[in-house]
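The structure under discussion appears below in the form of structure tokens.
Protein chains get the first letters and strands the later ones, always in sequence-line order, with residue 1 at the start of each. In this text the structure is predicted, and so the values were computed from the model without any measurement.
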Number of protein chains: 2
Amino acid sequence: MPERTELRLTPQRGAVLEVLKAADDHPTAAEVYERVRVAAPGIGSATVYRALALLVATGHALELSLGDGTAARYDANTSRHDHAVCERCGRAADIDHPVPDGMVAEIARRSGFTITGYDLQFRGLCPDCQTTGAGQDPGRWA
Amino acid sequence: MPERTELRLTPQRGAVLEVLKAADDHPTAAEVYERVRVAAPGIGSATVYRALALLVATGHALELSLGDGTAARYDANTSRHDHAVCERCGRAADIDHPVPDGMVAEIARRSGFTITGYDLQFRGLCPDCQTTGAGQDPGRWA
DNA sequence: GTGATACTGAGACTCGTTCTCAACGAGCCT
DNA sequence: AGGCTCGTTGAGAACGAGTCTCAGTATCAC
């Protein structure tokens, strides 16, 4: 009873996985595409998107939506972890500090939801960006 | 950079704010646009996007990125709260259960980030979808 | 009224992503 | 070898969400 039809580990898919494993940042699909073209010139962006979707579906990668409307980012670290995202440069740092089980259970009880997972993302300034200060006032209603 | 000038509360912006206040769900910009057109026919989508961005910037609304690649959603409940998102119907329920300050401080210390906020989103099945088991309605929800 | 400027709607545009489609190729039969 | 099936590919069109541009309008201070 094959769960799905057979999948091939093609050179293109292998290259995408290699790029993701080698990345210590959290590249976007476009960045993965750029890097993969070194190892697999001629690869199409559609193939990269397909490979990334496949890696996510098979549990070999995590897809991060950093929630600021920018492109999705990918992470070869598939263990449970969260992220801190810099509001200035967009860099995402890994955070390994899970939400207490008790809190999840309490929220499930109060909301009536069956909780299957969560995404926790911190916003702020990364150490690099803290040194260069700036800010902006959105104004107020007349 | 030029100094910020005064903002006007125009009928269009008022209509957008009213729609948001009246919504008990978490409408997308497109849904807000649809509803606003009842009160303000002829309003353009660009105006709705601009008004929503302004409401978010001035603290009159919250923008939610549900992290699944779908459109951003808006919430007139501006007090600190999180969301539980149903994986089947897409509905988002409000969760009022803040992350402990100590945990935020610990993560700031470990990551080196200056944490200005966070987004916590639970995934799971809402009470309705738990009972109706085999739902596959990707469509709208009231 | 006049001038400055904030705001508007329409639509073109960008961006990230998915879809379509014809061609390719690995594996399996004869 | 030849033929077949079907997963995979690259190119580019298409899509949805959101932003930008621009000319016209509204509102304010004087």
- Query: About how many Å separate CG of B:Asp94 and CG of B:Asp24, when rounded to the nearest 0.5 Å?
  - Reply: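 Between B:Asp24 CG and B:Asp94 CG, I get 10.0 Å after rounding to 0.5 Å.
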
- Message: Go through it in stages, so that I can follow the logic: the residues are A:Asp119 and A:His83, the test is side-chain hydrogen bond (donor to acceptor under 3.5 Å, both in side chains), and I'd like the CA-CA distance, side-chain angles, deciding distance and then a yes or no.
- Response: CA-CA 9 Å; A:Asp119 295 300; A:His83 296 91; over 6 Å; no

Check the distance between [N]'s [atom2] and [X]'s [atom1] and give it to me in whole angstrom.
{"X": "A:Leu55", "N": "D:dT8", "atom1": "CG", "atom2": "C1'", "value": "15 Å"}
{"X": "B:Arg8", "N": "C:dT5", "atom1": "CZ", "atom2": "C1'", "value": "7 Å"}
{"X": "B:Leu9", "N": "C:dC7", "atom1": "CG", "atom2": "P", "value": "10 Å"}
{"X": "A:Tyr33", "N": "D:dT9", "atom1": "OH", "atom2": "P", "value": "14 Å"}
{"X": "B:Leu52", "N": "C:dC7", "atom1": "CG", "atom2": "P", "value": "15 Å"}

- Task: Mark up nucleotides 16-21 of chain C, 5' to 3', with B wherever a protein heavy atom is under 4.0 angstrom from a base atom, S wherever such an atom reaches only the sugar-phosphate, and - elsewhere.
- Result: SBBBB-

- Message: Does C:dT8 have its OP1 or OP2 closer than 4.0 Å to a side-chain nitrogen or oxygen of B:Thr10?
- Response: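 For B:Thr10, the contact criterion (side-chain N or O under 4.0 Å from OP1 or OP2 of C:dT8) is met.
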
- May I ask you to check whether B:His97 and B:His81 place their ring centers less than 6.0 Å from one another?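 Between B:His81 and B:His97, which both carry aromatic rings, the centre distance is not below 6.0 Å.
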
Donor-acceptor contact below 3.5 Å, side chain [X] vs main chain [Y]:
{"X": "B:Tyr49", "Y": "B:Gly44", "value": "no"}
{"X": "B:Arg123", "Y": "A:Tyr118", "value": "yes"}
{"X": "B:Gln130", "Y": "B:Leu125", "value": "yes"}

- Task: Under 4.0 Å from any atom of DNA chain D, heavy atoms only: list the residues of residues 11-19 of chain A that qualify, in numerical order.
- Result: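 Per residue number, the list reads A:Gln12, A:Arg13.
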
- Query: Any salt bridge between A:Asp96 and B:Arg110, counting N to O under 4.0 Å?
  - Reply: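 Salt bridge flag = no for B:Arg110 with A:Asp96.
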
Donor-acceptor contacts under 3.5 Å from residues 28-36 of chain A side chains, at least two apart:
| residue | atom | partner | partner atom | Å |
| --- | --- | --- | --- | --- |
| A:Thr28 | OG1 | A:Ala30 | N | 3.4 |
| A:Thr28 | OG1 | A:Glu31 | N | 3.1 |
| A:Glu31 | OE1 | A:Thr28 | N | 2.9 |
| A:Glu34 | OE2 | A:Arg37 | NH2 | 3.1 |
| A:Arg35 | NH1 | A:Asp25 | OD1 | 3.3 |
| A:Arg35 | NH2 | A:Asp25 | OD2 | 2.9 |

